[in-house]
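Everything below concerns the one structure shown next.
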Protein chains: 2
Amino acid sequence: MQGVIALALSHAILATLLDGPVSGYALMKRFNSAIGYFWQASHQQIYRELATLEHQGQVERMPTDGQTTTIRYALTEAGRSALTTWVMQPSEPGVMREDVLLKVRAGQLVPPATLLAELRHRRDLHAKRLLTYQELQLRNFSDPEHLSYEQCLHYLPLMRGVLFETENVHWCEQAIQMLENARQLQSGP
Amino acid sequence: MQGVIALALSHAILATLLDGPVSGYALMKRFNSAIGYFWQASHQQIYRELATLEHQGQVERMPTDGQTTTIRYALTEAGRSALTTWVMQPSEPGVMREDVLLKVRAGQLVPPATLLAELRHRRDLHAKRLLTYQELQLRNFSDPEHLSYEQCLHYLPLMRGVLFETENVHWCEQAIQMLENARQLQSGP
DNA sequence: AGCGGATATGCAACAAAGTGCATATTTACA
DNA sequence: TGTAAATATGCACTTTGTTGCATATCCGCT
């Protein structure tokens, strides 16, 4: 959005490393499950980015245990300060880029049944994601009324994910109903 | 997300051309205002994409009026059918990629006041966007209870935008309150 | 001992998206 | 009549993301 400091995957990686050293693989797992509600990346991207970050001195390899071949990366002071700089920087919100909205907008091109099938498919998918996030929420934050400041920092992004998927399900249901309704009124009597 | 047919900007352009021929500049304007709630693109991206689409025979230049230098593009049959194919194709939802969520997660690095300032800034921004969308909604759909099928196709994506920004405002407010609360409890006695 | 699946890492090529720079015309208005 | 803002178009470069490929280890099961 703005020209100064953008990037993002690198920041997502650095931020995740705040919780302690991890391997590229573990990072990938987290990105595609735990924090997948606001960031995703393939393992290839992550390994490439880790290599770049290491080259820039923002992360470093931990001494291996001798046992495994797993490479664990840790934040360096430079990485920590780069991340801090980025967090301080005010920034603009991005856009949602949901192709289903585009499909609905171009929906005149396909039979209503096709569009409705897609919407039902989406609804189920979002419902499934919602369930996953809600389980995470329950498991990790059993008492959301009494969280410390630091706990809030972890709770709030997850909460955003829950809200987002709740909305998605809700919108899909509304869309299905409106379209079915309008179709019946037009084709009907 | 999936390997078959992805792309997206091209489809957003083709879909917009369904409403009639437009210039690249007008397309840019629409992307960054009217339908900005689900897609955005810079003029450079749009001109490049239009050139590609023209090369592929999916759009064509309209005869100029002789008066202006403005180039207006129209959908061709090939473009229409390419778009149809894409709309038919089932697809997976993407991820939200909100950097403010990342910033909150890494919020331990900055003073609470900084984080709270950013959240208030975001709240105001989202409130402003919300207002824009709501005005669009009022102006274009005065009676949302009685829309034709085709009108629904335009109404529903806008409605998604309204819901999204409503959520954003709501989440920001909750976040501000939770963080302020937790901070007071911890710093106080 | 062999097999399959999860863990773990990485390169190379390519496609898509974003940023910076450059420029010409038109329109309103002071 | 100058000038500033909006309209209008585009190239070149850089960064990000995707896809296909290649490999090696570890763990549990049979």
Side-chain angles (χ1 to χ4, degrees), chain A residues 1-14 21-33 36 38-56 59 61-62 64-73 86 91-97 99 102, chain B residues 1-14 21-33 36 38-56 58-59 61-62 64-73 86 91-92 94-97 99 102:
Chain A
M1 199 91 276
Q2 77 303 303
V4 204
I5 296 183
L7 286 143
L9 176 56
S10 64
H11 300 128
I13 290 176
L14 294 176
V22 273
S23 71
Y25 192 79
L27 227 31
M28 183 266 290
K29 291 296 252 182
R30 279 203 220 174
F31 273 15
N32 297 322
S33 61
F38 73 91
W39 217 271
Q40 280 199 350
S42 63
H43 72 272
Q44 291 96 333
Q45 270 176 278
I46 289 167
Y47 285 120
R48 180 172 51 181
E49 202 60 43
L50 278 172
T52 307
L53 288 170
E54 188 184 14
H55 184 73
Q56 293 170 343
V59 302
R61 294 179 181 219
M62 299 286 286
T64 49
D65 313 38
Q67 302 289 8
T68 58
T69 56
T70 307
I71 303 165
R72 291 163 75 236
Y73 288 91
W86 178 76
S91 63
E92 304 292 286
V95 261
M96 61 171 3
R97 195 164 283 194
D99 54 10
L102 206 51
Chain B
M1 199 95 276
Q2 76 304 302
V4 205
I5 296 182
L7 286 143
L9 177 55
S10 64
H11 301 127
I13 290 177
L14 294 176
V22 273
S23 71
Y25 192 80
L27 225 33
M28 183 264 290
K29 293 295 252 183
R30 279 203 219 174
F31 273 15
N32 298 321
S33 62
F38 73 92
W39 215 272
Q40 281 198 351
S42 65
H43 71 272
Q44 293 96 329
Q45 277 174 275
I46 290 167
Y47 285 119
R48 179 175 46 190
E49 203 59 42
L50 279 172
T52 307
L53 288 170
E54 189 185 13
H55 184 73
Q56 294 170 343
Q58 301 194 7
V59 302
R61 294 179 180 218
M62 298 286 287
T64 51
D65 312 38
Q67 302 288 9
T68 58
T69 56
T70 307
I71 303 163
R72 290 165 74 239
Y73 288 90
W86 178 75
S91 62
E92 304 291 286
V95 261
M96 62 169 4
R97 196 165 280 193
D99 54 11
L102 207 51

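All values derive from a computational prediction rather than experimental measurement. Residue numbering restarts at 1 for every chain, and letters A, B, ... go by the order of the sequence lines.
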Min side-chain heavy-atom separation [X]-[Y] under 4.5 Å:
X: B:L53; Y: B:S10; answer: yes
X: B:S23; Y: B:I71; answer: no
X: B:R30; Y: B:V22; answer: yes

Rounded off to whole Å, could you give me the [atom1]-to-[atom2] distance for the [X] and [N] pair?
X: A:D99; N: C:dA17; atom1: CG; atom2: P; result: 11 Å
X: B:H55; N: D:dG10; atom1: NE2; atom2: C1'; result: 17 Å
X: A:I71; N: C:dT7; atom1: CD1; atom2: P; result: 17 Å
X: B:H11; N: C:dA17; atom1: NE2; atom2: P; result: 10 Å
X: B:Q40; N: C:dT19; atom1: CD; atom2: P; result: 11 Å
X: A:M28; N: C:dT7; atom1: CE; atom2: C1'; result: 8 Å
X: A:L50; N: C:dA8; atom1: CG; atom2: C1'; result: 13 Å
X: A:I46; N: C:dA8; atom1: CD1; atom2: C1'; result: 12 Å

With a cut-off of less than 4.0 Å, is there a side-chain N or O of [X] near OP1 or OP2 of [N]?
X: B:T70; N: D:dA8; answer: yes
X: A:Q44; N: C:dG10; answer: no
X: B:Y25; N: D:dT7; answer: yes
X: A:Y47; N: C:dG10; answer: no

Taking the minimum atom-to-atom distance to the side chain of [X], which one of [options] wins?
X: B:R48; options: D:dA8, C:dG10, D:dA12; answer: D:dA12
X: B:R61; options: D:dG10, C:dT7, D:dG17; answer: D:dG10
X: B:H43; options: D:dT9, D:dT18, C:dT9; answer: D:dT9

Considering all heavy atoms, the nearest [X]-[Y] contact:
X: B:H11; Y: A:L102; result: C-CD2, 3.9 Å
X: A:F31; Y: A:A41; result: CD2-CB, 3.8 Å
X: A:L50; Y: A:V59; result: O-CG2, 3.9 Å
X: A:R61; Y: A:Y73; result: NH2-OH, 3.5 Å
X: B:I46; Y: B:M28; result: CD1-CA, 3.4 Å

**Message:** Quick check: on DNA chain D, is the nucleotide nearest B:A26 upstream (toward 5') of the one nearest B:R97, or the reverse? Name the residue that is more 5'.
**Reply:**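 Result: B:A26.
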**Asked** Mapping A:Q45 and B:G24 onto DNA chain D by nearest heavy atom, which one lands closer to the 5' end?
**Response**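 The 5'-side residue here is B:G24.
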**Message:** Under 4.0 Å, heavy atoms only, any strand: does B:S42 hit a base, just the sugar-phosphate, or nothing?
**Reply:**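 Base contact.
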**Prompt:** If we fit an axis to the first five pairs and another to the last five of the helix from C:dA1-D:dT30 to C:dA30-D:dT1, what angle do they make, to the nearest 10°?
**Reply:**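 Taking the rotation axis at each end, their angle is 30°.
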